[in-house]
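All figures in this text were calculated on a predicted structure; none of them were measured in a lab.
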Amino acid sequence: MAETSWDMSDLDAAARELAGADVVAFGGVGIAGSTLPATAAYRLLEQALPTHADQVRRQVAWLLEQGSPAGKAYAATLLGRFDAVAGRTAWEALRGSGEEFTTFTGCVMGRTSLADYAAARLHDA
């Protein structure tokens, strides 16, 4: 696999995209399997983790504070990818939020609260 390089402006742009996200989807959505901008931003931050962990961690901390409900879900997922204990702590903190967002799994669209989504992630862990 080719080495990919990012600069801080790429990571900042990805975090801003997630901060305003209103949908959580980790794969393609709809019949065409389109990749949403937030999914692409999540993937960029996820791919940057091995070489830019400190920068990504700062972005995640900011998203957990400032992000939309979907942005917070993306952030807690990312956090759990490189620090399972911190990820679990983030999900536990988010269990109290009644804020809602849309989810997509393939062609299936749903709606959930951040509290229910967090509870499910904690149950799966």
Side-chain angles (χ1 to χ4, degrees):
M1 185 156 101
E3 178 76 18
T4 305
S5 69
W6 300 274
D7 61 33
M8 282 306 295
S9 65
D10 295 329
L11 301 180
D12 289 344
R16 283 191 307 277
E17 179 65 41
L18 291 179
D22 58 356
V23 176
V24 171
F26 292 101
V29 302
I31 294 170
S34 300
T35 300
L36 298 175
T39 305
Y42 172 86
R43 288 180 183 165
L44 187 144
L45 290 174
E46 182 181 43
Q47 291 170 354
L49 274 173
T51 56
H52 294 77
D54 290 341
Q55 293 95 328
V56 172
R57 192 177 193 89
R58 282 193 293 276
Q59 299 293 0
V60 165
W62 178 78
L63 281 168
L64 286 169
E65 290 294 321
Q66 303 295 323
S68 65
K72 290 175 183 178
Y74 278 118
T77 301
L78 272 169
L79 186 56
R81 300 268 300 138
F82 62 94
D83 185 338
V85 173
R88 183 168 184 79
T89 300
W91 286 123
E92 287 172 354
L94 295 173
R95 272 196 318 195
S97 175
E99 296 176 294
E100 293 187 349
F101 58 93
T102 301
T103 60
F104 258 107
T105 304
C107 294
V108 180
M109 183 173 77
R111 188 111 180 120
T112 190
S113 70
L114 192 49
D116 289 344
Y117 196 82
R121 301 295 77 74
L122 288 165
H123 180 266
D124 293 344

Can you tell me how far [atom2] of [Y] sits from [atom1] of [X], rounded to the nearest 0.5 angstrom?
X: Gln59; Y: Leu44; atom1: CD; atom2: CG; result: 10.5 Å
X: Lys72; Y: Leu79; atom1: NZ; atom2: CG; result: 14.5 Å
X: Leu114; Y: Glu100; atom1: CG; atom2: CD; result: 10.5 Å
X: Gln66; Y: Leu18; atom1: CD; atom2: CG; result: 14.0 Å
X: Thr77; Y: Leu45; atom1: OG1; atom2: CG; result: 12.0 Å

For side-chain contact (heavy atoms from CB on, under 4.5 Å), just list the numbers for Leu94 and Leu64, CA-CA rounded to whole Å, side-chain angles, deciding distance to a tenth of an Å, and then say yes or no. CA-CA 9 Å; Leu94 295 173; Leu64 286 169; 4.3 Å; yes
Polar side-chain atom of [X] near backbone of [Y] as donor-acceptor pair, under 3.5 Å:
X: Thr102; Y: Val23; result: no
X: Thr35; Y: Ala40; result: no
X: Thr105; Y: Val108; result: no

Can you name the nearest heavy-atom pair linking [X] to [Y], along with the distance?
X: Pro37; Y: Glu17; value: CB-OE2, 3.4 Å
X: Ser113; Y: Gly98; value: CB-O, 3.9 Å
X: Ala25; Y: Tyr74; value: N-OH, 2.9 Å
X: Ala73; Y: Trp91; value: O-CH2, 3.5 Å
X: Ala14; Y: Ala41; value: O-CB, 3.5 Å
X: Gly20; Y: Ser68; value: C-OG, 3.9 Å

Are Leu122 and Tyr117 joined in one hydrophobic group, where the rule is that I, L, V, M, F, W and Y side chains link up if heavy atoms are under 4.5 Å apart? yes
Membership question, hydrophobic clusters at under 4.5 Å side-chain separation (ILVMFWY): are Leu63 and Leu36 in the same one? no
Go through the structure and list residues passing side-chain hydrogen bond (donor to acceptor under 3.5 Å, both in side chains) with Arg16, not counting sequence neighbours.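 Applying side-chain hydrogen bond (donor to acceptor under 3.5 Å, both in side chains) to Arg16 gives none.
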Heavy-atom side-chain contact between Leu49 and Leu78 under 4.5 Å: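 Answer yes - side chains close enough.
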Just wondering, do Thr39 and Phe104 contact through their side chains at under 4.5 Å, heavy atoms?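 With C-beta onward as the side chain, the pair stays apart.
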State plainly whether the residues Arg57 and Asp54 are in salt-bridge range, i.e. N to O under 4.0 Å.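 No salt bridge links Arg57 with Asp54.
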